[in-house]
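Below is one structure, written out as structure tokens; comments come after it.
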Amino acid sequence: MHLPDIERIILDIVSSRTPRGWMVIDRNCRVVYANQSVLELWAKKPEDILYKSLPDVLHNGRKKDIAGNYLCPAVETLETGTEFRESEVALPGRAGRSSVWCLANTYLHLDDDGRPGFVTANYVPIEKFKSMEKELSSINLHIIKAFAKAIGARDTNTKRHVENVSALMVGLAEHLHCSAEQTALAYLVGVIHDIGKIGIPEHILNKPGRLTKEEFDIMRRHPLIGAEILQEIDGFATISEVVKHHHERYDGSGYPSGLAGEDIPFLSRMLALCDSYDAMTSNRCYRSPLSVENTLEEIRRCSGTQFDPVVCCSFLSFVSIHKNLSRKYQGAHGHGAGRPAE
Ligand SMILES: [Fe+2]
């Protein structure tokens, strides 16, 4: 077998039979090669992507987010020379509606004059949240999932909200360099923070439209109901406290206890942000979702009053870096910053 044959075989395997997505962009960010796995990752046909600008295909023409961070590792490598090695990145999913966590590698190829000519990139999806659940094997995740399922069975909006908030909590915890144990806990409280909604009457929980003051008063019992349920489980005292205080505000004007500042458990302060972010970027029957830009502005405005300013600063930088990830959260439901809390 001649060497060119071997190269052709390798190229054939890379292009059509590996789960790892391979792509090459030229110096103008145009996609000049994409294998089958890349096409499947973004549900594109070759004509949707080939010889088109990658930022146009994936990010509406943008290379960077509002904080100046690159949205795509391949483009970053082309423009800065920084290569990625098995780096965790969140890439847009199909039709830009969800994200896919991947390990990314990028390689810069210089032309004969030493200028950037091409970037080769490869991506392999990782089951990030499966590994997160392994961290939780010591506690009874099945019970928690059953609770979450029970809420989801009553209210599909809450189910989506819970999924979104737990994903945001993990991302923020990692951004804050929390330990693996703390990150797993962040995931867990994201999953169960609204468990007290089990105790809220159906007609209030699923009411199409704004709640009356009396209905809000009932809805506001859910952190306490959740805490009471969880404190019955051995080893859940801390988690119960976090859930109890996820609607406290940094300035002390929240509920149920009116705690302020660092008296509010740290994970509760994280939850308040992730919860509000998802609520504001989500559809409600009585209003459209806010844009990501307007949501970040609102969060910035509430820093130091509703939200812990330090956590807020980290959250803003986390969301800016993973702006493509944030699109995942369109279409869910929760509680809002600067809005009547539920
Ligand atoms: Fe809540």
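First listed ligand is number 1; within each ligand, the first listed atom is number 1.
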- [ ] Check the angle between the aromatic planes of Tyr255 and His247 and answer parallel, tilted or perpendicular using the 30° and 60° thresholds.
- [x] parallel
- [ ] Could you tell me whether any N, O or S atom belonging to His193 is less than 2.8 Å from the Fe ion (ligand 1)?
- [x] no
Open item on the list: So that I can tick it off, tell me whether Arg20 and Glu86 are bridged by a salt bridge, with the cut-off set at under 4.0 angstrom between side-chain N and carboxylate O.
Closed with: yes
Open item on the list: Tell me whether the Fe ion (ligand 1) has Asp194 as a neighbour, meaning an N, O or S atom of it below 2.8 Å.
Closed with: yes
- [ ] Indicate the atoms forming the closest heavy-atom contact of Tyr250 with Pro309, along with that distance.
- [x] CE2-CD, 3.4 Å
Task: Nearest to the Fe ion (ligand 1) - the N/O/S atom of His246, by atom name - done: NE2
Open item on the list: Tell me whether the rings of Phe318 and His175 are parallel (<30°), tilted (30 to 60°) or perpendicular (>60°).
Closed with: tilted
Task: Angular separation of NE2 (His222) and NE2 (His247) seen from the Fe ion (ligand 1), to 10° - done: 90°
